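These numbers were taken from a predicted model, which means no experiment stands behind them. Below, chains carry the letters A, B, ... as their sequence lines are ordered, and counting in each starts from 1. All values below were derived from every heavy atom in this structure, side-chain atoms included, with hydrogens, water molecules and symmetry-related copies excluded.
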2 protein chains.
Amino acid sequence: MNCSPGQLFSLDSHSFPSDISVMTEITNKADPSAKEQFILYWGDMGGQWGVNRSVAQIHALLYLSPDPLNAEQISEELGIARSNVSNSLKELVGWRLIQRVPVAGDRREHFVAETDVWEMALLIAKGRKEREIDPAIRAIDLCVGRAETETSLHPVTMARMKEMQDFLSTADRWWNQMFSVPKAKLATLIKMGDKVLALLKIGGKKAG
Amino acid sequence: MNCSPGQLFSLDSHSFPSDISVMTEITNKADPSAKEQFILYWGDMGGQWGVNRSVAQIHALLYLSPDPLNAEQISEELGIARSNVSNSLKELVGWRLIQRVPVAGDRREHFVAETDVWEMALLIAKGRKEREIDPAIRAIDLCVGRAETETSLHPVTMARMKEMQDFLSTADRWWNQMFSVPKAKLATLIKMGDKVLALLKIGGKKAG
DNA sequence: CGGCAATTTCTGTATTAAGAGAAATTAGCC
DNA sequence: GGCTAATTTCTCTTAATACAGAAATTGCCG
């Protein structure tokens, strides 16, 4: 069995666990560690988003883990079924939030998370746009197309539909432009924050 | 009974319905009108978001409606239970996406939707931030606080947590700054899109 | 102050999604 | 090329959520 470097837990009250960071399962215990808390929160947050709890928890665990983990380690540490882990990992790979990595001398698949927070944010934003926004835009386009053939539609209703369509396509264009900006530059711009806004207000006056 | 102006449906094949736009219920019919389609899509989209279908459908209906509607009209037109409409309306008012409006000579409550798409987008963005992002930030802060008291935490794990915290607070600051920009100006900036980006690239070089 | 209309809250039901465990498939090894 | 470990697919159970209908409340009018 592979025995990767492991985490240097200095808990001397009990024998060192044979696997990586198998301290205790993330269950309703009285005093969860910071790491466990983080995973718990992250999982919950995912739930309130579109993502289900397992997926979010696994993501958090991998994000915090210094070493690649395999499916069984994840299953044990989080106390969720092995099959569940498998599906969740597949989904996370689909989002490109985690990657498969080979570990020397171990035939099992290991996974690491994207650790660059900016990259992570971009991946999530892109994924959500593709899966949620883009289909909506296409749907509205279809609607408006159909509306134009209808004579019985109230003009106000028609106008509202078009306004919405217009807004969505504007937002879409803007979004795509943002994605075309290199990550590093985008991060800088956002960190600059109010300075950018100040600059833009000036630029806006000049342009307008 | 109140009989507000109503929608000028020019469908002459059947008698004019007594209520506003009570054409047919939005059910699985073979050939839905553009308006019905819009509502259906919107409802579906809401479902894929955090919002439930009823809420999203009611919102769409009010958004498209030229006149204020009361709860019963909504209930009939969408074919959802009166109680459900009541709860959904309350939620929408909570988001400020719709408003109660008095209708002369009618004691029942009527509702209209915010029709400015930019305002709508801002309201949704604000609401989501408040309800989903802000609590997450607070949770992570708590986590990191706790983590700092732990000696057994792997330094890499600690670093990752802090990176995340840092990112979230940066994003939060940026977000708040964006909300402080007047709606009209924000719309202009986004519509300008690539022009703004071009300007910023120059500005960035100068500043850096 | 009684009666009625409108709205909301409450409760039970149905639909949907999440997750566990078993069964089946795939992939490396001797 | 069978054997074993690992992973995935499948199915069933359980839990969460949405929704309808009934009951209760609120508010207005005579």
J.: Reading nucleotides 15-30 of chain D 5' to 3', which nucleotides get B (base under 4.0 Å from a protein heavy atom), which S (sugar-phosphate only), which -?
T.: ---SSBBB----B---

J.: Applying side chain to side chain donor-acceptor pair (under 3.5 Å), can you list everything that pairs with B/Glu91, at least two apart in sequence or on another chain?
T.: none

J.: Can you tell me how far P of C/dG19 sits from CD1 of A/Ile74, to the nearest Å?
T.: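 Value for this atom pair: 15 Å.
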
J.: In whole angstrom, give the distance that lies between atom CD of A/Glu109 and atom P of C/dT25.
T.: 19 Å

J.: Specify the separation, in whole Å, of atom CG of A/Asp106 and atom P of C/dC29.
T.: 11 Å

J.: Please list all pairs passing the salt bridge (charged side-chain N to carboxylate O under 4.0 Å, His left out) test where one or both residues lie in residues 119-129 of chain A, with sequence neighbours left out.
T.: A/Glu119-A/Lys183, A/Arg128-A/Glu132, A/Lys129-A/Asp134, A/Lys129-A/Asp172

J.: Using the ring of each side chain (for Trp, its six-membered ring), is B/Phe167 parallel, tilted or perpendicular to A/Trp118, with breaks at 30° and 60°?
T.: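 B/Phe167 and A/Trp118: perpendicular rings.
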
J.: Whole angstroms only, please: what is the CD1-C1' distance between A/Ile58 and C/dA18?
T.: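 It works out to 13 Å between those atoms.
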
J.: Whole Å only: how far is the CD atom of A/Gln73 from the P atom of D/dA6?
T.: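 Atom-to-atom, A/Gln73 to D/dA6, this comes out as 12 Å.
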
J.: According to the interplanar angle, ranging from 0 to 90°, do the rings of A/Trp42 and A/Phe38 count as parallel (below 30°), tilted (30 to 60°) or perpendicular (above 60°)?
T.: parallel

J.: In this structure, how many angstroms lie between the P atom of D/dA6 and the CZ atom of A/Arg100, rounded?
T.: 15 Å

J.: For B/Glu72, answer base if it contacts any base atom (sugar-phosphate contacts may also be present), sugar-phosphate if it contacts only those atoms, and nothing otherwise; contact means non-hydrogen atoms under 4.0 Å.
T.: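 Answer is nothing: B/Glu72 stays at 4.0 Å or more from every strand.
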
J.: So which of B/Asn87, B/Val51, B/Ile58 actually passes side-chain contact (heavy atoms from CB on, under 4.5 Å) with B/Leu92?
T.: B/Ile58

J.: Tabulate atom names and distances for all N/O pairs under 3.5 angstrom spanning the protein and nucleotides 11-16 of chain C.
T.:
none

J.: Could you work out, with side chain to side chain donor-acceptor pair (under 3.5 Å) as the rule, every residue matching B/Arg131, not counting sequence neighbours?
T.: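 If we apply the side chain to side chain donor-acceptor pair (under 3.5 Å) test to B/Arg131, skipping adjacent residues, there are no hits.
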
J.: Can you check the A/His110 NE2 to D/dA6 P distance for me, whole Å?
T.: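 Distance, rounded to whole Å: 10 Å.
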
J.: Over all heavy atoms of both residues, which pair between B/Val103 and B/His110 is shortest? Give the atoms and the distance, please.
T.: CG2-CG, 3.4 Å

J.: Output, in order, the C-alpha distance, side-chain angles, deciding distance and verdict of side-chain contact (heavy atoms from CB on, under 4.5 Å) for A/Leu62 and A/Ile74.
T.: CA-CA 9 Å; A/Leu62 284 170; A/Ile74 295 169; 4.2 Å; yes

J.: Looking at A/Lys90, I'd like to know whether one of its side-chain N or O atoms comes within less than 4.0 Å of OP1 or OP2 on D/dT9.
T.: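 Checking D/dT9 against A/Lys90, a side-chain N or O does come within under 4.0 Å of OP1 or OP2.
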
J.: Filter on salt bridge (charged side-chain N to carboxylate O under 4.0 Å, His left out), then keep only pairs touching residues 150-167 of chain B, sequence neighbours left out; what's left?
T.: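 Output for this query lists B/Arg146-B/Glu150, B/Glu148-B/Lys162.
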
